[in-house]
Amino acid sequence: MATLPTIYVLNGPNLNLLGTREPAIYGHETLDDIAGALEDRARALGLGIEMRQSNHEGHLIDWLHEANAESAKAVILNAGAFTHTSVALHDAVKAISVPVIEVHLSNPHAREAFRHKSFIAPVAQGTITGLGSLGYELALDAAARL
């Protein structure tokens, strides 16, 4: 049986707290809720999902490398606060050939000034922000077309 093309969905720090962390900004859905919706949508698109979350920058870097080594179709990356601080994540995204789509639940440009700069955006295929969990589904639809 053939293996489905895989989309890695990588989530950074504090995203394990979705549903309880600042719901006015991030909504009431949990990361498990988002994963369930993505798995359903991926099945309909003939894709597999590899959903992961870590509060540790090095894990995200290792998973980006893994996605590349495993010839993933794409990566959807919500790097959380590492978006605004991590040159290492920038370099990891730049170093791989797998397309990366950056996703944020909130709109960083409508928030504190320190959130306005993304180290990921300049090396990502595209960025989706401010649409809540719908952003993940839109990124999955885009990844399916890449």
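Every heavy atom of this structure was used, including side-chain atoms; hydrogens, water molecules and symmetry mates were not. Just so you know, these numbers come straight off a predicted model, no measurement behind them. Along the sequence shown, residues carry numbers from 1.
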Correct closest heavy-atom pair for Leu15 and Asn11 would be CD1-CB, 3.8 Å
For the atom pair CG (Leu60) and OG (Ser86), what is the distance rounded to the nearest 0.5 Å? 8.5 Å
Please report, to 0.1 Å, the donor-acceptor pairs under 3.5 Å made by any side chain of residues 70-81, with sequence neighbours excluded.
| from | atom 1 | to | atom 2 | distance (Å) |
| --- | --- | --- | --- | --- |
| Lys73 | NZ | Leu146 | O | 2.6 |
| Asn78 | OD1 | Gly80 | N | 3.0 |
| Asn78 | ND2 | Tyr136 | OH | 3.1 |

Here the pair of heavy atoms bringing Gln125 nearest to Pro99 is OE1-CB, 3.8 Å
Gap between atom NE2 of His84 and atom NZ of Lys117 - 0.5 Å precision: 11.0 Å
Do the side chains of Phe119 and Thr85 get nearer than 4.5 Å, heavy atoms only? no
If we ignore angles and hydrogens, is there a donor and acceptor under 3.5 Å between the side chains of Thr6 and Glu50? no
Heavy-atom closest pair (Pro13 atom, Asn55 atom, distance to 0.1 Å) is CA-OD1, 3.2 Å
Evaluate the side-chain proximity of Leu18 to Leu31: yes if any heavy-atom separation is below 4.5 Å, no if none is. yes
Could I get the full list of side chain to side chain contact (heavy atoms under 4.5 Å, CB included) partners for Thr129, not counting sequence neighbours? His104, Asn107, Pro108, Thr127
Looking at Ala42 and Leu140, what are the two nearest heavy atoms and their distance? N-CD2, 3.7 Å
Nearest heavy-atom neighbours spanning Ile25 and Ser106: CG2-CB, 3.8 Å
Has the side chain of Gln53 got a donor or acceptor atom that lies under 3.5 Å from a matching backbone atom of Leu10? no
Shared hydrophobic cluster for Leu38 and Tyr8 (ILVMFWY, side-chain gaps under 4.5 Å): no
Measuring from atom CD of Glu102 to atom CD1 of Ile128, what distance do you get when rounded to the nearest 0.5 angstrom? 10.0 Å
Are Glu137 and Leu131 side-chain neighbours, meaning at least one heavy-atom pair lies under 4.5 Å? no
Pairing residues for Arg21 by the salt bridge (charged side-chain N to carboxylate O under 4.0 Å, His left out) criterion, not counting sequence neighbours: none
Report yes if some heavy atom in the side chain of Val123 is under 4.5 Å from a heavy atom in the side chain of Val100; otherwise report no. no
Is there side-chain contact between His109 and His116, with heavy atoms separated by less than 4.5 Å? yes
What are the two closest heavy atoms between Ala142 and Ile101, and how far apart are they? CB-CD1, 4.0 Å
Under a 4.0 Å threshold between the charged nitrogen and the carboxylate oxygen, would Asp91 count as salt-bridged to Lys94? no
In this structure, CD of Glu57 is separated from CG of Asp62 (nearest 0.5 Å) by 11.0 Å
What distance do Asp33 atom CG and Ser133 atom OG have between them, rounded to the nearest 0.5 Å? 8.5 Å
Do Ile49 and Ile34 belong together in a cluster built from hydrophobic side chains that touch within less than 4.5 Å? yes
State the CG-CG distance between Leu89 and Leu64, to the nearest 0.5 angstrom. 6.5 Å
